[in-house]
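This report concerns only the one structure given below.
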There are 2 protein chains.
Amino acid sequence: MKSGMNDVDRKVLSRSLLDIAWSFGPKGLDGSCCQDLGMAEFLALDGISRIADCPVQQVGHSLGFTKSGATRIVSRLVMKGYVSKRSSGHDARVCCLEVTEHGREMLSQAYAQYGNLLNRVFSGLDETEKGELQESLIRFSTLLMRENYQEENR
Amino acid sequence: MKSGMNDVDRKVLSRSLLDIAWSFGPKGLDGSCCQDLGMAEFLALDGISRIADCPVQQVGHSLGFTKSGATRIVSRLVMKGYVSKRSSGHDARVCCLEVTEHGREMLSQAYAQYGNLLNRVFSGLDETEKGELQESLIRFSTLLMRENYQEENR
DNA sequence: CCATTTAGTTGACGTCGTCAACCAATAGTG
DNA sequence: CACTATTGGTTGACGACGTCAACTAAATGG
């Protein structure tokens with residue numbers, strides 16, 4: 001067999017990834033990432049925090065939402081006080097999004113919760129195993145993101 | 001440091017897992033696992049296929065839905081022709097769910113799609129790397145499921 | 001200067017899961 | 001054996017969420 005991975009392997013792996021996606025994602029952490037933030041909102045907030053003067057479109061793009069969906073998720077984050085919005089000086093059409101202090105607190109709190117979960121999951125493993133697992137997960141994530149990127153620029 | 005994993009590590013890992021969850025899960029595969037099945041529906045279908053005469057409650061339980069939500073997702077699957085429902089002979093309250101032939105086709109087709117994605121993601125890795133990565137992902141999934149289990153029986 | 005493109009918003013809408021109330025069937029108890 | 005409590009499942013009202021299409025306003029480009 002060319003690929004070296006048979007149907008059973010792929011199915012088991014797919015199911016494992018689905019389980020990870022389900023329990024770490026939408027249904028993880030008691031149904032929402034953190035307090036009043038859903039998963040998409042959390043990802044949006046995190047995305048905004050990584051880009052200076054992030055435009056609304058950018059949020060939609062990185063989440064795979066339409067620009068309408070982007071407006072909606074951003075306005076929710078603004079309403080909750082996690083993000084501030086002002087229009088750009090250079091181009092009055094674009095908005096500059098910025099994470100507020102309140103938003104940064106929320107972000108680090110949410111990451112702390114995820115960290116706690118990871119600690120519980122990893123408890124019982126020795127340092128070497130922990131390190132290997134972590135490295136593999138990050139590597140897979142990188143590969144997956146790369147594939148997504150290639151996919152959308154096809 | 002006791003845990004051996006610092007804040008930065010945990011944050012990077014969390015974000016990686018979130019990315020996996022987002023792109024392999026709700027937003028992966030063009031927004032839905034396969035044709036007219038959403039992620040939750042797919043997981044429900046897969047769950048039902050693994051249990052003989054699966055009751056409705058069981059579906060809700062494994063997805064973390066209320067029994068109401070379970071009824072709803074099951075009735076959707078029945079409506080779409082992927083699942084058949086009949087009441088048990090032993091206890092007239094419980095329903096016996098069974099995946100139909102149509103459902104099985106859908107299931108294997110969906111897994112095939114996931115498999116294709118995985119093949120694309122893994123393309124460029126040698127067999128050893130591929131195997132290691134796969135093993136790590138399955139291992140992490142197992143640990144995560146175990147933690148979820150302990151969590152809910154606390 | 002006018003046509004086109006681009007950033008963003010909004011109303012109507014469909015999907016999805018929850019909550020609470022409810023029905024029917026079974027189990028437990030005096 | 002009746003009577004109550006529990007359990008499996010369903011349903012109406014609801015809120016959260018994202019899409020679609022139409023729209024506004026601000027650039028951009030002959």
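The chains referred to below are lettered A, B, ... by the order of the sequence lines, with proteins before strands, and numbering in each begins at 1.
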- Task: Check the hydrophobic clustering (I, L, V, M, F, W, Y; side-chain heavy atoms under 4.5 Å; chains of links allowed) and say if B:Leu125 and B:Val121 are grouped together.
- Result: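 Shared cluster, yes.
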- Item | Given DNA chain D, 5'-ward residue of the pair B:Pro55 and A:Phe65, judged by closest heavy atom |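 By nearest-heavy-atom nucleotide position, the 5'-most residue is B:Pro55.
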- Task: Report yes if at least one side-chain N or O of A:Arg76 is closer than 4.0 Å to OP1 or OP2 of D:dC17; otherwise report no.
- Result: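 Affirmative; the distance criterion is met.
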Rounded distance in Å - [atom1] ([X]) to [atom2] ([N]):
X       : N      : atom1 : atom2 : value
B:His61 : D:dG9  : NE2   : P     : 13 Å
B:Leu43 : C:dC16 : CG    : P     : 14 Å
A:Ile73 : D:dT19 : CD1   : C1'   : 14 Å
A:Leu63 : D:dC17 : CG    : P     : 13 Å
B:Met79 : C:dC16 : CE    : P     : 9 Å
A:Lys27 : C:dC16 : NZ    : C1'   : 10 Å
A:Leu77 : D:dC17 : CG    : P     : 10 Å
A:Phe42 : D:dC17 : CZ    : P     : 16 Å

- Item | Distance-minimising heavy-atom pair for A:Leu45 and A:Gly103 |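 The pair with the smallest heavy-atom distance is CD2-O, 3.9 Å.
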- Can you list every pair that meets ring-ring contact (aromatic ring centres under 6.0 Å, His included) and has a residue in residues 58-101 of chain A, with sequence neighbours left out?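 Counting only pairs at least two positions apart or across chains, the ring-ring contact (aromatic ring centres under 6.0 Å, His included) contacts touching residues 58-101 of chain A are A:Tyr82-A:His102.
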- Query: For every nucleotide of nucleotides 21-30 of chain D, 5' to 3': is a protein heavy atom under 4.0 Å from its base (B), only from its sugar-phosphate (S), or from neither (-)?
  - Reply: B----BS---
- Is any side-chain heavy atom of A:Asp53 closer than 4.5 Å to a side-chain heavy atom of A:Arg86? yes
- Message: Once you apply a heavy-atom cut-off of 4.0 Å, does A:Gly64 come out as touching a base, just sugar-phosphate, or nothing?
- Response: sugar-phosphate
- Query: Which part of the nucleic acid, if any, lies within reach of A:Glu41 when heavy atoms closer than 4.0 Å are counted: base, sugar-phosphate only, or nothing?
  - Reply: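 Result for A:Glu41 = sugar-phosphate.
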- Which value, rounded to the nearest 0.5 Å, describes the distance between B:Leu43 atom CG and A:Trp22 atom CH2?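 Atom-to-atom, B:Leu43:CG and A:Trp22:CH2 are 6.0 Å apart.
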- Item | Most 5' of B:Ala70 and A:Cys95 on DNA chain C, judged by nearest nucleotide | A:Cys95
- Checking side chain to side chain contact (heavy atoms under 4.5 Å, CB included) against A:Tyr114, which of B:Leu17, B:Leu13, B:Leu18 comes through? B:Leu18
- Query: With sequence neighbours left out, what residues match A:Arg76 under side chain to side chain donor-acceptor pair (under 3.5 Å)?
  - Reply: A:Glu41
- Query: B:Arg72 has a side chain; which of D:dA13, C:dT10, D:dG18 sits nearest to it?
  - Reply: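 Selected nucleotide: D:dA13.
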